[in-house]
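Written out below as structure tokens is the structure these notes cover.
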Amino acid sequence: MNRPYNFSAGPAAIPEEVLQQAAAEMLDWNGSGMGVMEMSHRGKEFLSIYERAEADLRTLLAVPPEFRILFMQGGGLAENAIVPMNLSRAGVVDFVVTGSWSQKSQKEARKYASEVHIAASAEDSGFTTLPDPAGWSLSRGASYLHLCSNETIHGIEFHTLPDLRALGSDAPLVIDFSSHVASRPVDWSRVGLAFGGAQKNLGPAGLTLVIVREDLLGHALPICPSAFDYRVVAENQSMFNTPPTWGIYIAGLTFQWILRQREGTLTGVAALEARNRAKAELLYRTIDESQLYYNKVATDCRSRMNIPFFLRDERRNDAFLAGARERGLLQLKGHKSVGGMRASLYNAMPMAGVEALVAYMREFETQHA
Ligand SMILES: *Cc1c(COP(=O)(O)O)cnc(C)c1O
């Protein structure tokens with residue numbers, strides 16, 4: 001079967017090998033006589049799936065031992081409340097606003113923190129640049145600083161995380177890495193907590209990953225639901241309540257797939273990073289060299305995962321999308337708040353998919369010159 005290339009921003013394409021293995025194991029996992037969705041989360045079969053998934057994730061993201069890995073539910077948006085409920089101590093929290101997602105996060109945090117301080121915002125640029133960390137106005141004694149390390153809608157990525165200590169702040173850094181988790185390594189020395197929904201780069205919707213430094217546990221506000229109290233979740237190995245077992249299983253297969261990836265001498269996430277860099281470069285080069293397409297984001301912070309682009313003649317948008325669909329290039333329509341097109345090039349998108357897209361873009365441009 002020749003599957004089309006799926007450029008969805010999320011839920012997004014899953015590696016075909018993962019889907020095939022899940023399909024083969026759907027009725028009977030590993031001779032157990034049960035499918036994974038039908039197993040007790042406390043049985044030895046599921047526990048082995050869970051433990052391997054956690055260990056593989058720790059390996060592939062090089063998560064240091066002082067960090068806990070939590071498999072939760074509620075998605076990225078629930079974390080916008082769960083993070084301040086656990087970390088704000090009802091004090092001041094700092095935000096860097098660089099697009100729709102960090103904008104949403106700071107709004108939600110206002111319900112729980114005594115003050116939300118916007119340390120920097122790129123709104124004046126129409127969210128096409130990243131504010132230079134040297135100019136951020138950091139609060140003294142902030143409980144944490146939140147940023148979205150890849151803005152999925154505006155296509156902006158922090159290619160290096162800020163070093164808050166060097167900027168004179170003791171606040172832990174919280175990152176929403178939903179849409180670029182496992183596409184590149186993470187510098188954990190700069191991070192206190194990272195969260196992300198699984199549905200972009202790791203598996204199906206319904207699973208939310210939280211990686212949190214141990215010293216940040218145990219400070220939840222009294223109103224925090226027990227199921228969302230990071231310490232409770234950590235103490236119960238993510239099984240205080242029934243975890244999203246299917247999501248953990250598919251994410252686990254995806255972790256194994258990531259660990260198998262090779263690119264020259266590179267392996268795992270490093271191999272994917274090299275591939276993601278090459279994929280994004282090809283698409284940005286095609287956009288920049290053309291007379292028809294353009295991208296608005298400053299070159300130093302363009303996302304490797306989510307690439308919005310526009311046609312100089314917007315009346316041709318529908319024709320562009322229809323032609324793309326005919327060629328097996330799916331879900332290229334841009335987010336409604338931004339318009340135009342968006343190609344999401346997550347880990348599961350092979351270079352061949354990007355080559356097919358740029359071949360079509362060139363063909364379309366020639367036809368409409
Ligand atoms: C997709 C996405 C989310 C998702 O939130 P859900 O609650 O899972 O819909 C959050 N943050 C970012 C940056 C995202 O790309």
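Residue numbers start at 1 and run along the sequence shown. Whatever order the structure lists them in is the order used to number ligands and atoms, beginning at 1.
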For [X], does the [atom1] atom sit with more than 12 other heavy atoms under 6.0 Å from it, leaving out its own atoms?
{"X": "R110", "atom1": "CZ", "answer": "yes"}
{"X": "R315", "atom1": "CZ", "answer": "no"}
{"X": "L27", "atom1": "CG", "answer": "no"}

Pairwise, report which nitrogen or oxygen atoms of ligand 1 are under 3.5 angstrom from protein nitrogen or oxygen atoms, and how far apart they are.
from, atom 1, to, atom 2, distance (Å)
ligand 1, 5 (O), G76, N, 3.4
ligand 1, 7 (O), G76, N, 3.1
ligand 1, 7 (O), L77, N, 2.9
ligand 1, 8 (O), G76, N, 3.2
ligand 1, 8 (O), Q199, NE2, 2.8
ligand 1, 11 (N), D176, OD1, 3.4
ligand 1, 11 (N), D176, OD2, 2.7
ligand 1, 11 (N), S178, OG, 3.4
ligand 1, 15 (O), T152, OG1, 2.4
ligand 1, 15 (O), K200, NZ, 2.6

Salt-bridged, D176 to K104, with N to O below 4.0 Å?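 Judged by the 4.0 Å cut-off on N to carboxylate O distance, D176 and K104 do not form a salt bridge.
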Over 60° means perpendicular and under 30° means parallel, so tell me whether F195 and H146 are parallel, tilted or perpendicular.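 Answer is tilted, since the angle falls between 30° and 60°.
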Would you check if R342 and T152 make a side-chain contact, meaning some heavy-atom pair closer than 4.5 Å?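 In short, these two side chains touch, coming nearer than 4.5 Å.
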